[in-house]
Number of protein chains: 2
Amino acid sequence: MTDKDIRRRTIHDVAKAAGVSISTASNALNGTGRTNAETRERVKRVAKDIGFRPNALARSLLTKRSHAIGMLTNDTYGRLTLPMAAGVSEVLVDQGLSVFLCATNNDPRLARLHLEALLDRQVDGIIFTATRLDLPPPIELSKLPIPVVYVFAEGPSDHISFVPDDAHGARLAVEHLKNSGRSRILHITGPDDYVAVRRRANAYRDSVGEGAEVLYGDWSEEWGHFAIDAVFSRTGEKPDAIFCGNDEIARGVIDALRDKGIGVPNDVAVIGFDNWEVIAKQTRPPLTTVDMELKELGRRAGLAILALAAGEDVDTGTTRLPCSLVVRKSCGGEL
Amino acid sequence: MTDKDIRRRTIHDVAKAAGVSISTASNALNGTGRTNAETRERVKRVAKDIGFRPNALARSLLTKRSHAIGMLTNDTYGRLTLPMAAGVSEVLVDQGLSVFLCATNNDPRLARLHLEALLDRQVDGIIFTATRLDLPPPIELSKLPIPVVYVFAEGPSDHISFVPDDAHGARLAVEHLKNSGRSRILHITGPDDYVAVRRRANAYRDSVGEGAEVLYGDWSEEWGHFAIDAVFSRTGEKPDAIFCGNDEIARGVIDALRDKGIGVPNDVAVIGFDNWEVIAKQTRPPLTTVDMELKELGRRAGLAILALAAGEDVDTGTTRLPCSLVVRKSCGGEL
DNA sequence: TCGTGATGGTAAAAGGTTTTATCAGATTCA
DNA sequence: TGAATCTGATAAAACCTTTTACCATCACGA
């Protein structure tokens, strides 16, 4: 119960208990310098016995490696951030790195506050992550004295960014629809001021060719409804497949089709984007959709930061990671 | 481009530039000790001019306050964690505290790894947060040498916990339904091995009295559908209001009612729980629901940790925070 | 002139670790 | 035997800050 009991054991304690000097203790524990195998074992055993764990602060102060990184995000609900953070964490935790999570709310003042705190803490690197690719960071990140990696956001071209390959995702969707025998494929998507929206739309157009049609709107179920109402009340040929810009739109589309008595997937196949499970699994029928592999994105960013912090150099520029297709029931024809 | 340029300015640099000793510089900057107003200003100005920021590592090493806390979570998708983390962060950032986010995945090995890293980093406290109230932490947290606060989780009774007041939330829902003239209120909820489910159900029963009926199932839309099908195909009086255990169930319920041609809110009022906006806003009609005030929960936890770390003592035990009602259209009768 | 008390400032220790340079002793080689 | 080399261990410096204890200096009253 005394103060003495609560204070952590230091390397001094180890050295004293093992009857060696502090430097020998340090060398033995870290395998540095020259140490007799026998003493090395003895020191290690003593250290374990008395429950010695090195003070990370002291170590970092000296080595100038804090083994911590900062993650700046502007995502309030965490739908995108948390899977990425999990990926980052996954590759870092075993290397003994920890991550500071900083919610900036897109507020420059807050961003600055967090950034300065991170710098004061001597973090080994910073990962910036956003909710859309083309949103610039709320604060200048490009001339920091430490490595910066962008995930789900595109930094300056001489920096390192990881983003989903939207074009690939769109092709995946269209090919899947074609393979299940659909020929009149419509694209209902979000606002065209999103670069991701434009990329997907372009890939869709390239892949579909003749007869491609893109309807831009917002990211809501309501827009899905509305678009279906509009498309199916006009004259002319009707689509037999719809590629949606995200799962919410897809859900609206599916509900609207059902309301009209149009069968999914028999009459019209529907495919989403995001694989946001709470939506995708609960549509009727469950939604086939494109997964952006957010966790993998995080892993790659973690790996990059790790390499940079270790002084290796990493190719700059934007890496586009392939998406994957999650097949459920809304397109029929699972092989 | 030299090393010299990239190295951060230290208090040495400030002292030299201001022509004072290191201790004077420190005293001037921190307002400790006795310093002449004139020198104090000069030192501060010099510090600002050369861009001095104290090294948090060195400071923490000495003061034994790292100004960092750890947040342990097992929530992968962040729906609950991120709003709470935002609350925590909100009250901490201005005090200069940062938070380590540690995703444990409910894996004891991972939890231990993270916990040890946090302890090695001398964090000032730990916040444990879960996805359900009655899930014990994947690792023993009760006899740590630093303060621990539980949020959305209940720790041992001599610890500090913040949870939503489920009973209050349930009463809020029932009273709202009663006030809009409903009398036959049914409760469709999740699995009864959740303590939150039982608390809400009990409060519901107390509040409704005669005729209360609780249907336990799982947290899915599907269960909402199924329950409605069952209830409306049996003989006898039908409910005119349904209190759902979460928003997903509520959405299933609303969809099922619409499928049956039963009007919401005219024939049956529906109220949800969680205020998970992506669901609640997109139901047709938009869902009136109970909000658990997750951010406030986080704020309170942050405040508690702050007080504990400052050595003040805080009442132990579980604090149940009131919920709030978010009125949309699914109960009609907005005043 | 001597004590007393305030004032403004400083040297040095402390915090816990890693690393460099050095040292004593043993071994090898000529 | 003496010099050179190797081995294992250590003292001390370094990282950057805060804090304690101490030291001049000056003014004041007796």
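Within every chain, numbering begins at 1; the chains are lettered A, B, ... in the order of the sequence lines, protein sequences first and strands thereafter.
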(message) For A:L141 and A:L115: C-alpha separation, side-chain torsions, deciding distance, then whether side-chain contact (heavy atoms from CB on, under 4.5 Å) applies.
(response) CA-CA 9 Å; A:L141 250 29; A:L115 183 59; 4.0 Å; yes
(message) Can you tell me which nucleotide in D:dT17, C:dT19, D:dT18 comes closest to the side chain of B:N30?
(response) D:dT18
(request) Check whether any side-chain N or O of B:S21 sits under 4.0 Å from OP1 or OP2 of C:dT10, and answer yes or no. (result) yes
(message) Can you measure B:R34 atom CZ to D:dC23 atom P for me and round it to whole angstrom units?
(response) 14 Å
(request) By nearest nucleotide on DNA chain D, pick out whichever of A:G19 and B:I11 is the more 5' one. (result) A:G19
(request) May I ask you to verify whether the side chain of A:S23 and the base of D:dA9 hold a donor-acceptor pair under 3.5 Å? (result) no
(request) In whole angstrom, give the distance that lies between atom CD of A:E41 and atom P of D:dG8. (result) 14 Å
(request) Go through C:dT10, D:dT18, C:dG9 for me and flag the one nearest to the B:V20 side chain. (result) C:dT10
(message) Using 30° and 60° as the class boundaries, would you call the ring planes of B:H159 and B:Y150 parallel, tilted or perpendicular?
(response) perpendicular
(request) Pull out every residue in residues 50-70 of chain A that has a heavy atom closer than 4.0 Å to any atom of DNA chain D, ordered by number, or say none. (result) A:L61, A:L62, A:K64
(message) Does a side-chain N or O of A:T24 approach OP1 or OP2 of D:dT10 to a distance below 4.0 Å, or not?
(response) yes
(request) Determine: side-chain N/O of A:T35 to OP1/OP2 of D:dG8, distance under 4.0 Å, yes or no. (result) no
(request) Send over the distance from A:N27 CG to C:dT19 C1', rounded to a whole Å. (result) 8 Å
(request) Can you tell me the distance, in whole Å, between the NZ atom of A:K16 and the P atom of D:dT10? (result) 15 Å
